[in-house]
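To start, the structure itself, in structure tokens.
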There are 2 protein chains.
Amino acid sequence: MSRAPLTDPEHAPVSDSAAGDTERALAHAAEHCEAHGARFTKARRRVLALLLAQQQPLTAYQLLDLLREHQPGAQPPTVYRALDFLMRNELVHRIESTNSYLPCNHQHCGHHPARDAHWPQFLLCDSCGETREVPLDGALRQALTLQARDYGFEVGARPLELHGLCAACRKA
Amino acid sequence: MSRAPLTDPEHAPVSDSAAGDTERALAHAAEHCEAHGARFTKARRRVLALLLAQQQPLTAYQLLDLLREHQPGAQPPTVYRALDFLMRNELVHRIESTNSYLPCNHQHCGHHPARDAHWPQFLLCDSCGETREVPLDGALRQALTLQARDYGFEVGARPLELHGLCAACRKA
DNA sequence: GCCTAATATGTTATAACATATCAATTCATT
DNA sequence: AATGAATTGATATGTTATAACATATTAGGC
């Protein structure tokens, strides 16, 4: 897999609005953890901040490389533990088809008041790598559930990963 | 991941009907390859036979262990090359969420006259591990396509992996 | 039949992704 | 401060997959 170049939020120049978004997302994460009695430690915050600074999902080892710029002794378990914590707390998603991780955008899940319970869906562009998290709409959800029922199967709310072409890449 | 015990088609006793199914599937594969100018070699046949003898998907290294019973020098590339070939020729599928491989059942794809082009779907039981390949029905297919279109996204015909509970495990 | 180009396989090594284990530290609570 | 639970550090290892290069096999033209 070839992947795009990466950004370090504490070293690279970022737009004010992007930095503001990151701050807001970190503040939201801190609140969310507090509310659930989970400890949003420095290590966990740092990993989430690195993910938030990217336009694309990162693999665990890309994240590790970035982390080592601040924390040279970081090892794989450092990253994987932080990712496990963040995933358990619905702050990060894992994309199985690309072994990569990205921040939850909170559009699909319980953190967002207007949405049903967690059932995120990802649109993955096979051309540019864009990975977009969108809510699973009712019609699709129902179609999934019904088709599964034809086979006596009850589907769980695992993220769907839909590969294809994003709007920009379709034009080009 | 814990996995069920495995079967070696050339050593273990199997029912006549299962053996017959395997033979038919191998014959079908041979024809299919012939028709496409692809070489269905001994190595490839052996790997497909091992997969056909299982009730469940296998990982590449489980397959390697089985392969080594006949072919002690087999190495990872032996298995991965055979799997690549079999996947390119639509004879085997890879399940991304479990890093495992299983034979195509030909119910969903061009090999089967009554079906549309390749768009398999898998129902994966998180309790017993059953992995069932079923055709993606029209309603679900349309719902997927339409929802993606809302985001300017064009979905490709990649297999869907739906996790949940099979009928037997729901009862229990 | 023989040559040759293409395809497939053997072999070694390594890349890429992830977890087990145990010791040391930190933290919240008493 | 003492305790127990959660977290982190550190080392090693497990698991999944591919790169790179040598050798063997095969199909097709001569």
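Just so it is clear: chains get the letters A, B, ... in the order the sequence lines come, proteins before strands, and each one is counted from 1.
- Among the heavy atoms of the strands lying under 4.0 Å from B:Y101 are primed sugar atoms or P, OP1, OP2 only; no base atom is included.
- Partner of B:T131 under the side chain to side chain contact (heavy atoms under 4.5 Å, CB included) criterion, chosen from B:I95, B:L123, B:T98: B:I95.
- A salt bridge does not link A:D84 to A:R81: none of the charged nitrogens lies less than 4.0 Å from a carboxylate oxygen.
- Residue B:D84 contributes atom CG, which lies 15 Å from atom C1' of C:dT7 at whole-angstrom precision.
- The side-chain ring of A:Y61 is stacked on the base of C:dC17, judged by centre separation under 5.5 angstrom and plane angle under 30 degrees.
- The CG-P distance, from B:L64 to C:dG10, rounds to 12 Å in whole Å.
- Checking the phosphate oxygens (OP1, OP2) of D:dA17, a side-chain nitrogen or oxygen of B:N99 falls inside 4.0 Å.
- Atom CD of B:E34 sits in a sparse spot, with 12 or fewer heavy atoms from other residues, nucleotides or ligands closer than 6.0 Å.
- Atom-to-atom, CZ of B:R68 to P of C:dT9 comes out at 17 Å; the value is rounded to the nearest Å.
- The listed nucleotides are D:dT26, C:dC27, C:dT19; the one nearest the side chain of A:Y80 is C:dT19.
- As judged by a 4.0 angstrom heavy-atom cut-off over every strand, A:E96 is placed among residues making no nucleic acid contact.
- Contact check, B:Q62 against D:dT15: no side-chain N or O comes under 4.0 Å of OP1 or OP2.
- OP1 or OP2 of D:dT8 lies within a sub-4.0 Å distance of a side-chain N or O belonging to A:R44.
- Along DNA chain C, the nucleotide nearest B:T41 and the nucleotide nearest B:Q75 are compared for position; the residue whose nucleotide lies closer to the 5' end is B:T41.
- The side chain of A:R39 places no N or O atom within less than 4.0 Å of a non-bridging phosphate oxygen (OP1 or OP2) of C:dT26.
- Side chain of A:P76, nearest nucleotide from C:dT19, D:dG9, C:dG10: C:dT19.
- With hydrophobic clusters built from ILVMFWY side chains whose heavy atoms lie under 4.5 angstrom apart, B:Y101 does not share a cluster with B:F122.
- Scanning atom types as modelled, no donor and acceptor separated by under 3.5 angstrom connect the side chain of B:R46 and the base of C:dT9.
- We find that CZ of A:R45 is positioned 14 Å from P of D:dT8, with the value rounded to whole Å.
- D:dA27 atom P lies 15 Å from atom CZ of B:F40, rounded to whole Å.
- In this structure, NZ of A:K42 is placed 17 Å from C1' of D:dG9, rounded to the nearest angstrom.
- As a whole-Å value, the separation of A:L83 CG from C:dC17 C1' is 12 Å.
- Between the CZ atom of A:R94 and the C1' atom of C:dA16 there is a distance of 12 Å, rounded to whole Å.
- With a 6.0 Å radius and a threshold of 12 heavy atoms from other residues, nucleotides or ligands, A:R149 has its CZ atom at or below the threshold.
- Position along DNA chain C of the nearest nucleotide to A:R81 versus B:A43 favours B:A43 as the more 5'-ward residue.
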